[in-house]
2 protein chains.
Amino acid sequence: MSEPTAPRKRRGSGRATVHDVARLAGVGSITVSRYFTEPGRVAAERSARIAAAVKELGYVPNLAASGLASAHGRVVGMVIPNISGPIFANTIQTFSDTLNRHGYQLLLASSYFSATKEESAVRAFLGWKPAALAVVGRFHNRATEKLLSTAGIPVVETWDYQPRRKPIQVGYSNNAVGEQAARYLYAKGYRRIAFVQNSLAGDLSAVDRSDGYEAVMREHGLEPLIYVPKAEAPFDAGREAVESLAIAPAKRAKPVEAIIFANDNLAAGGLLAGQRAGLKIPQQCAMVGFGDYAFSQLLLPSLTTIRPPGREIGEIAALRILEQLGVLPASTQDTRLNLLACELIERESA
Amino acid sequence: MSEPTAPRKRRGSGRATVHDVARLAGVGSITVSRYFTEPGRVAAERSARIAAAVKELGYVPNLAASGLASAHGRVVGMVIPNISGPIFANTIQTFSDTLNRHGYQLLLASSYFSATKEESAVRAFLGWKPAALAVVGRFHNRATEKLLSTAGIPVVETWDYQPRRKPIQVGYSNNAVGEQAARYLYAKGYRRIAFVQNSLAGDLSAVDRSDGYEAVMREHGLEPLIYVPKAEAPFDAGREAVESLAIAPAKRAKPVEAIIFANDNLAAGGLLAGQRAGLKIPQQCAMVGFGDYAFSQLLLPSLTTIRPPGREIGEIAALRILEQLGVLPASTQDTRLNLLACELIERESA
DNA sequence: TTGTAGGCGTTATCAG
DNA sequence: CTGATAACGCCTACAA
């Protein structure tokens with residue numbers, strides 16, 4: 001009848017579990033579980049006892065165990081090309097917030113526009129048995145495609161929209177953006193319009209935009225001119241492009257009258273270089289960017305640009321996922337379309 | 001001896017498990033497990049068989065189960081005030097990348113400078129049994145403090161540094177930043193120097209900066225002047241401040257000669273408002289920001305500002321965590337200090 | 001170097 | 001409305 005030291009558990013984190021709570025509250029462990037997942041089905045009096053026990057023990061349900069037992073973790077993975085740029089931050093923010101509001105957590109990784117890195121991120125996520133995955137764009141390598149299609153969970157492609165594609169897509173048409181910019185300049189009377197491509201080769205969405213531009217040019221019988229800078233840093237690339245296209249064009253070429261840049265970083269570099277060289281913007285050369293970064297309204301002249309619906313994309317992507325998961329009551333169904341529009345912000349540069 | 005349909009599992013995701021791989025490869029499940037965790041300890045010939053089986057089945061280890069069994073998940077939670085702002089994005093990026101490189105995933109949530117939201121994010125993270133947690137700053141509510149201190153895992157506070165504080169801190173001294181700005185302006189001969197506070201009340205780090213400014217002012221026998229804008233939007237708040245302080249000060253007050261802004265957004269708003277009103281910057285009023293946002297170098301005049309080491313903070317915070325976790329071999333120990341310096345970027349505005 | 005036994009904390013299942 | 005039992009998929013401990 002000696003009282004030995006309590007047999008210490010040999011494994012485990014030492015933190016309270018459902019069983020500890022159940023014992024203290026004098027109920028079955030499963031009732032504690034239900035107290036968290038379906039509070040309505042637990043009698044009020046027991047709920048109170050459980051609540052007290054939870055508080056006393058500082059109990060936090062172990063989501064890893066929960067995910068294991070129920071075969072669906074409450075995490076959603078998102079692979080984004082670049083967290084720190086000005087582009088996707090809003091999307092991450094609204095995506096994360098919308099998920100959090102419904103009890104899901106965001107797992108984040110970045111691909112730096114590399115299909116291989118995207119693949120390994122997706123692979124890593126899959127290990128968490130995520131409830132869903134979100135990726136950016138529709139360009140993935142073969143392995144990623146397969147991973148996504150066989151994952152058996154909702155997959156959303158963001159920041160792009162192509163008809164006739166299986167995964168849910170929430171975004172806009174980059175092609176249409178290219179057209180939009182070209183049409184805008186054409187309507188203003190510009191004819192010698194160039195497109196400055198992103199020097200970052202992996203950014204295929206920018207290629208879609210230049211395709212749109214090219215189509216509009218040909219539609220009007222104009223010769224498209226796509227310039228691909230050699231410089232890597234965006235500001236430098238923009239400068240280089242403006243110098244080649246507008247300030248000191250090659251011998252036989254006339255300077256262009258307007259430039260569409262693949263993004264606002266390039267545009268800012270180009271705009272400042274133009275100013276420094278005494279180029280009158282937009283009189284001698286108009287400029288249109290893409291992205292509506294924070295600084296674009298602050299430039300002199302302020303930058304005419306196209307604003308992608310970053311916040312909406314994140315929010316709607318999350319809502320679509322939650323709908324697929326059956327988390328959202330039908331009454332709250334969001335009626336917005338998945339194909340969003342980009343707004344052309346008319347400022348001083350074009 | 002009839003051959004009934006294979007008894008289907010009644011639970012589970014239906015995806016391959018270690019056991020399936022083991023069976024196909026003709027080895028024990030534990031060997032498959034070791035193949036992933038300690039590849040060196042599995043014979044080459046078996047490794048090859050396992051590799052083949054893994055590929056054929058498309059097996060992905062279940063991290064939730066792994067974390068459950070080993071009592072340490074390979075996730076690290078980070079609560080950040082704001083994902084979409086220009087401030088923390090670099091930190092998230094390098095933090096995430098550094099963790100990924102060592103097999104850890106980032107769980108992200110945002111607090112919007114609200115201590116309550118921070119608390120609930122930390123609470124939600126704890127359910128994942130994260131290997132470690134990172135938060136921003138040293139200001140938390142009582143409940144968060146308790147959660148963090150009893151979590152029994154490494155906790156890193158980022159973007160701040162105070163001597164004599166228990167959790168690991170990786171950041172800089174906001175106080176020192178306030179002093180740095182004030183000293184710089186004083187040395188340039190400015191005397192009537194004001195500090196424009198963030199209208200966002202929750203940003204206590206900005207208060208630290210104004211404290212530093214105040215100390216330097218008093219040290220030189222000058223009267224500190226701290227302006228708190230009413231406008232909420234940063235650009236508007238900056239404009240409001242410049243109008244009150246430099247363009248149209250209250251009757252009995254002299255216009256100030258220099259302004260330190262709590263951040264570059266405020267500074268940009270102030271700078272543009274000053275220009276519009278014909279204020280000569282820096283001749284009539286010098287301006288210093290904080291943050292070195294992307295647009296700061298693009299403003300006219302370009303903005304003198306203080307650049308916090310955002311990328312370094314993220315990387316070093318992750319390294320400190322990995323060190324605590326014993327993941328990094330001692331030989332790779334990073335020798336950088338946790339107290340980082342902020343660089344004053346001298347441009348045209350001051 | 002490899003295998004066996006059993007537990008990690010939760011929830012699905014089914015019976016009361 | 002509540003509870004007992006057995007998974008979920010992996011890993012620690014120990015043995016061979």
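Only a predicted model underlies this, so the values are computations on that prediction, with no experimental measurement involved. Chain identifiers are assigned alphabetically (A, B, ...) following the order of the sequence lines, protein sequences preceding nucleic acid strands; residue numbering begins at 1 within each chain. The figures here come from the full heavy-atom set of this structure, side chains too, leaving out hydrogens, waters and symmetry mates.
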If I take atom [atom1] in residue [X] and atom [atom2] in nucleotide [N], what distance separates them, rounded to the nearest angstrom?
X	N	atom1	atom2	result
Asp20(B)	dC10(D)	CG	C1'	13 Å
Leu63(A)	dC8(D)	CG	C1'	15 Å
Leu126(B)	dT10(C)	CG	P	13 Å
Ile30(B)	dA5(C)	CD1	C1'	11 Å
Arg23(B)	dC10(D)	CZ	P	12 Å
Leu68(A)	dA12(C)	CG	C1'	12 Å
His19(A)	dA4(D)	NE2	P	11 Å
Trp128(B)	dT10(C)	CH2	P	13 Å

Tell me if a side-chain donor or acceptor on [X] pairs with a main-chain N or O of [Y] at a distance below 3.5 Å.
X	Y	value
Gln93(A)	Ser84(B)	yes
Gln105(A)	Val75(A)	no
Ser29(B)	Ala22(B)	no

Considering only side-chain heavy atoms of [X], which listed nucleotide, [options], is closest?
X	options	value
Val18(A)	dT10(C), dT12(D), dA12(C)	dT10(C)
Ala65(A)	dG9(D), dT10(C), dA12(C)	dT10(C)
Val27(A)	dG3(D), dT10(C), dC10(D)	dG3(D)

- Message: Let's go through Glu323(B) and Arg320(B) carefully: what are the C-alpha distance in whole Å and the side-chain angles of both, what is the deciding distance for salt bridge (charged side-chain N to carboxylate O under 4.0 Å, His left out) to 0.1 Å, and is it a yes or a no?
- Response: CA-CA 5 Å; Glu323(B) 284 165 9; Arg320(B) 293 294 171 265; 3.2 Å; yes
- Item | Distance-only donor-acceptor check, side chains Gln169(A) and Asn338(A), under 3.5 Å | no
- If you measure only the distance, is there a donor-acceptor pair under 3.5 Å linking the side chains of Asn141(A) and Thr144(A)? yes
- Task: Note down the inter-axis angle between the two ends of the helix from dT1(C)-dA16(D) to dG16(C)-dC1(D), five pairs each, to the nearest 10°.
- Result: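 Here the local axes at opposite ends form an angle of 20°.
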- Note on the structure: The correct set of residues in residues 31-51 of chain B placing a heavy atom under 4.0 Å from DNA chain D is Ser33(B), Thr37(B)
- Message: Any carboxylate oxygen within less than 4.0 angstrom of a Lys/Arg side-chain nitrogen, looking at Arg142(B) and Glu145(B)?
- Response: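 No, no charged N to carboxylate O under 4.0 Å.
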- Are the ring centres of Tyr104(A) and Phe95(A) closer than 6.0 Å? no
- Item | Met78(B) vs Leu133(B), side chain to side chain contact (heavy atoms under 4.5 Å, CB included): CA-CA, chis, key distance, verdict | CA-CA 6 Å; Met78(B) 175 174 237; Leu133(B) 287 178; over 6 Å; no
